[in-house]
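Every number for a ligand or one of its atoms is a count from 1 in the order of the listing.
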Amino acid sequence: MRIQNVTFLSIFLLLLTACSSPERETATLLIYGGPIYTVDTTQTTVEAVATKGDKILFAGTLNEAEVYKDEKTQLIDLKGKTMTPGLIEGHGHFMGLGYNELNLDLMNTKSYQEIVAAVAEKVKTTAPGEWIIGRGWHQSKWDSMPKVTVNGFQTHDLLSAVSPDNPVYLKHASGHASFANAKAMEIAGLQVLSKEGIDKFTVEGGEVMRDGLGRPTGIFNERAMTIITEHIPETTAEKNRKAFELAVAACQRNGITGFHDAGIGKETIALYEEMKAADKMKLRIYAMLTGWDKELLGEWYEKGPMVDPDNLLTIRSVKLNCDGALGSRGAWLLEPYTDRPGHFGHETLPMEFVKETALNGLRNGFQVCAHAIGDRANREILDRYEAAFTELPDTTKDHRFRIEHAQHLHPDDIPRFAGLGVIPAMQAVHMSSDRPWAIDRLGEKRIKEGAYMWQTLLKSGIPIVNGTDVPVEPLNPIASLYASVSRKTLKGMPEGGYEPEQKMTRAQALRSYTLDAAYGAFEEDIKGSITAGKLADFTIYNQDLMTVAEDKFLNTEVIMTIFNGEVVYEKE
Ligand SMILES: [Zn+2]
């Protein structure tokens with residue numbers, strides 16, 4: 001009896017080792033030695049993470065993780081530094097980011113004079129006739145306004161004076177207005193010195209701003225921007241590739257391993273496929289098809305979504321642009337602007353198209369992501385989504401339709417997000433930049449009841465996808481996380497934060513940049529948390545962003561980015 005038992009046990013042990021030991025998984029990477037926040041509710045922090053290839057093999061205690069170590073395993077000692085899942089930019093413009101790196105960056109200009117000086121500098125190195133393109137100016141960020149303004153915007157005269165031979169086109173930080181010089185307007189066929197013929201440049205859903213004499217001031221709003229842009233020569237394939245690579249590098253520097261690209265067309269899709277094939281796609285892109293191109297949408301409805309088995313480039317959503325921005329008073333409101341009586345802003349596409357796209361999305365397996373800033377635009381979209389869900393009840397179970405920005409909501413519409421399962425993709429850093437002047441546009445009551453309603457939305461049971469809307473704001477996720485938890489400007493104002501009851505907790509903020517962003521792309525099973533079996537994407541910081549004092553939060557820096565189980569960025 002006894003002998004038999006022992007024999008049985010030894011045979012069992014023998015079998016066990018025979019089965020497990022040749023097959024024991026060995027780790028490519030073993031990371032340990034600092035706080036590791038997993039965003040996984042079953043174990044919110046772990047001591048160590050082991051990866052194999054592009055996947056997470058194990059997350060837990062260091063003792064257990066060491067079982068997976070052999071002589072080939074690369075060890076990463078955090079030395080007290082902090083790690084989280086790789087961050088996901090939940091709404092940005094990838095090529096815009098790349099071009100921002102290529103073109104004149106006006107993001108930090110503090111006056112009209114500074115813009116003029118930057119262009120004058122660029123003129124020196126640009127051949128006559130060649131376009132000068134820039135982006136990122138915002139008159140609300142200026143220390144002082146020029147003497148001459150029209151509707152709160154500068155006029156082109158100074159810009160035209162420093163660049164007589166080079167057409168200049170400078171996009172507003174919001175992306176919803178542009179500023180052109182005389183040469184650019186001449187090329188577009190506009191008479192700069194008189195109001196003659198200007199009426200033929202009337203564009204629906206846009207505005208050519210005019211001075212008291214009826215002459216164009218150089219400001220083109222919304223769809224009127226195309227009057228100029230259609231004359232800007234297309235970029236070369238080489239430039240596009242360069243911009244792509246610069247955007248990848250910028251993401252890696254910022255700890256971004258996933259990127260929701262809010263609206264791309266045929267050419268960009270082709271570029272992405274080319275870059276993926278060339279092994280240059282060192283981040284995961286979740287791209288939305290631009291709703292402006294109906295032919296493109298038709299093609300994709302027919303062939304259906306593309307969910308990448310390599311987890312690099314997935315296309316299964318459609319982006320619609322439904323109103324303008326608050327800065328240029330293009331956001332579509334239920335009640336008039338507080339600082340422009342009688343003006344409600346406007347829709348930028350027919351609302352019927354939102355419903356049509358929602359129905360097409362449901363039928364063909366595409367998510368719809370509609371841009372809406374003002375409360376009217378948000379309501380109209382929720383109405384159209386709801387109508388489509390009602391019409392096609394069988395297809396609506398897991399639609400994950402989104403509203404991009406969802407910045408200003410009527411209180412009655414806030415619970416509708418959770419009710420309908422519509423995900424708000426809100427870029428927290430917009431609050432830091434816009435809140436100081438947004439109150440002029442909306443007045444105190446609307447700001448307090450309905451603007452940037454993060455905590456109310458989260459409490460209602462719907463996750464928020466965070467981000468920056470880069471290049472509207474810099475890509476820096478630390479700034480947006482700081483805005484999420486502090487509700488202050490990036491200068492730390494005001495004390496206590498704006499509408500502090502709407503702050504996110506640090507855990508909520510981190511989720512909005514990881515697991516909840518992944519949810520917004522149907523990808524929560526493969527990324528967004530440090531969980532065995534998920535993709536090995538991590539971001540490592542110089543300090544513990546979950547516990548550091550709020551006034552030190554903005555000192556957080558990304559010091560290492562790991563993508564697909566490989567170190568792709570390390571700060572010198
Ligand atoms: Zn955007």
Item checked: Atom CD of E501: over 12 foreign heavy atoms under 6.0 Å -> yes
Next item on the list: Can you run down the side chain to side chain donor-acceptor pair (under 3.5 Å) pairs that involve residues 315-325, sequence neighbours left out, and say none if there aren't any?
Entry: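 Counting only pairs at least two positions apart or across chains, the side chain to side chain donor-acceptor pair (under 3.5 Å) contacts touching residues 315-325 are K319-N321, D323-H371.
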Item checked: Qualifying side chain to side chain donor-acceptor pair (under 3.5 Å) pairs with a residue from residues 481-491, counting only residues at least two apart or across chains ->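 Sorted result for residues 481-491: N466-S484, K488-E550.
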Next item on the list: Return the set of protein N, O or S atoms whose distance to the Zn ion (ligand 1) is under 2.8 Å, each given as residue and atom.
Entry: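 Counting only protein N, O or S atoms under 2.8 Å from the Zn ion (ligand 1), the list reads H91 NE2, H93 NE2, D469 OD1.
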Margin query: Would K294 pass as a cation-pi partner of F353, given that its NZ or CZ must be under 6.0 Å from the six-membered ring centre and within 45 degrees of the axis?
Written below: yes
Next item on the list: With K303 as the cation and W300 as the aromatic partner, state whether NZ or CZ is under 6.0 Å from the six-membered ring centre and within 45° of the axis.
Entry: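 Checked: cation-pi criterion met.
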Note to self: Could you work out, with side-chain hydrogen bond (donor to acceptor under 3.5 Å, both in side chains) as the rule, every residue matching T468, not counting sequence neighbours?
What the structure shows: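 Result, side-chain hydrogen bond (donor to acceptor under 3.5 Å, both in side chains) vs T468: E89.
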